[in-house]
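Worksheet for the structure shown next.
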Amino acid sequence: VKTRTRLAVAAALLLFTGACSALLPAAPYDPAFDAGMVDFQKDVTAFFNEVAACNGTGRGTHSAFSDDYRSFGNRMAALRGQAARHARNDSTLRALDLLRENFDKVEAMHREGLIPEEVDVLRTLVDTQLRLLVQLERAKRGSAAEGP
Amino acid sequence: MSLDVNELARTMLDAARDAVSDRWPQLQDIAEVEFQRLAASIADTGRLLAEGKIDESRARQHAHIHQITARSILSTVEGLGIHTAEQALSAGIRSVAKVVNGVVRFALL
């Protein structure tokens with residue numbers, strides 16, 4: 001009877017933990033992604049500072065920053081690739097896609113020309129996205145083992 | 001040694017509630033702060049439009065970026081909530097691991 005009880009308890013708990021692992025996300029904290037996001041955030045902040053400083057001058061046009069946009073696009077793709085290495089990392093992937101979407105719109109607006117007040121608005125919005133991505137990644141430290 | 005299933009459930013629930021109750025106010029705070037910031041930014045766009053510094057077409061572009069940012073905030077808060085739930089589950093499992101492992105006589109949990 002004791003053995004049967006033990007087996008029943010073990011089976012129930014395995015079912016319970018199995019069901020939980022199927023329902024809950026297990027994306028681990030990824031220090032490489034965290035570091036990459038922090039670096040990216042710093043560079044984007046510097047970029048907006050530069051855009052603001054050059055605004056209204058000949059150096060503030062989109063063409064003067066086209067290399068930055070290209071580089072940011074590549075880095076966002078690399079960060080997405082890093083995040084996609086982990087199963088059930090949907091929130092981070094979705095946030096990265098939305099960041100990319102906003103960056104494309106910022107670039108489109110920059111092509112048409114930006115006024116100084118707009119740079120502040122755009123900086124605030126993009127910074128919000130970047131900050132939350134870092135925050136989300138760091139929240140994973142408490143819930144799962146570290147990833148590669 | 002036998003297991004009281006109700007007691008185990010209550011132990012896990014208590015541990016989970018503690019873990020969640022510790023985090024939920026933080027999640028609420030994050031959402032409130034970020035949406036407050038977003039609202040201020042929308043107001044800035046409204047001001048630029050009212051002052052004639054941008055036209056309606058441009059204001060629509062701003063609005064689109066605001067909408068994307070709002071979705072981003074929601075997605076992040078949702079993600080933080082999911083990890084909170086996972087922490088609660090881990091706390092629940094840890095809370096009963098000693099008892100369960102003792103009954104089954106191996107490190108099941």
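Reminder, nothing fancy here: chain letters follow the sequence lines and each chain counts from 1.
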Next item on the list: To the nearest 0.5 angstrom, please state how far the CG atom of L74(B) sits from the CZ atom of R94(A).
Entry: 10.0 Å
Item checked: Greatest number of heavy atom pairs closer than 4.5 Å to chain A - which of T45(B), I42(B), T69(B) -> T69(B)
Item checked: Side-chain heavy atoms of D127(A) within contact of R37(B), under 4.5 Å -> no
Next item on the list: Sort L99(A) into side chain, backbone, both or neither according to what part of it lies under 4.5 angstrom from a heavy atom of chain B.
Entry: neither
Check: Mind checking whether T76(B) and L133(A) have side chains closer than 4.5 Å, heavy atoms only?
Finding: no
Checklist line | Nearest heavy-atom neighbours spanning V121(A) and S41(B) | finding: CG1-OG, 3.5 Å
Next item on the list: Please flag which part of L132(A) lies under 4.5 Å from any non-hydrogen atom of chain B: side chain, backbone, both or neither.
Entry: both
Check: Can you tell me how far CD1 of I65(B) sits from CE of M109(A), rounded to the nearest 0.5 angstrom?
Finding: 5.0 Å
Item checked: Among D97(A), L136(A), N102(A), residue most engaged with chain B (heavy-atom pairs, under 4.5 Å) -> N102(A)
Check: Between E34(B) and R131(A), does at least one N-O distance fall below 4.0 Å, as a salt bridge requires?
Finding: yes
Next item on the list: Heavy-atom distances under 4.5 Å only: say whether I54(B) touches chain A with side chain, backbone, both or neither.
Entry: side chain
Check: By a 4.5 Å heavy-atom criterion (distance strictly below it), what part of L38(B) contacts chain A: side chain, backbone, both, or neither?
Finding: side chain
Next item on the list: Before giving the answer on side-chain contact (heavy atoms from CB on, under 4.5 Å), spell out for R58(B) and L114(A) the whole-Å C-alpha distance, their side-chain angles and the decisive distance to 0.1 Å.
Entry: CA-CA 10 Å; R58(B) 190 66 160 197; L114(A) 294 170; 3.4 Å; yes
Next item on the list: Tell me, for V106(A) versus chain B, whether the close heavy atoms (under 4.5 Å) come from the side chain, the backbone, both or neither.
Entry: both
Checklist line | Interatomic spacing from CG in L48(B) to CG in D120(A) - rounded to 0.5 Å | finding: 9.5 Å
Check: Does any heavy atom of chain B fall under 4.5 Å from the side chain of L93(A), the backbone, both, or neither of them?
Finding: neither
Item checked: chain B neighbours within residues 39-54 of chain A, where any heavy atom lies under 4.5 Å away -> none
Item checked: Spacing of CG belonging to L98(A) relative to CZ belonging to R71(B), to within rounding of 0.5 Å -> 5.0 Å
Notebook entry, point to check: So which pairs with a foot in residues 46-69 of chain B pass ring-ring contact (aromatic ring centres under 6.0 Å, His included), sequence neighbours left out?
Noted result: none
Check: Is the number of heavy atoms from other residues, nucleotides or ligands under 6.0 Å of E51(B) CD greater than 12?
Finding: yes
Checklist line | Neighbour count above 12 (heavy atom, 6.0 Å) for E56(B) CD | finding: no
Next item on the list: Could you tell me which non-hydrogen atom of S91(A) sits nearest to which non-hydrogen atom of G79(B), and how far apart they are?
Entry: OG-CA, 3.2 Å
Checklist line | From I73(B) atom CD1 to Q129(A) atom CD, the distance as rounded to the nearest 0.5 Å | finding: 8.5 Å
Notebook entry, point to check: So does E117(A) pair up with R47(B), basic N to acidic O under 4.0 Å?
Noted result: no
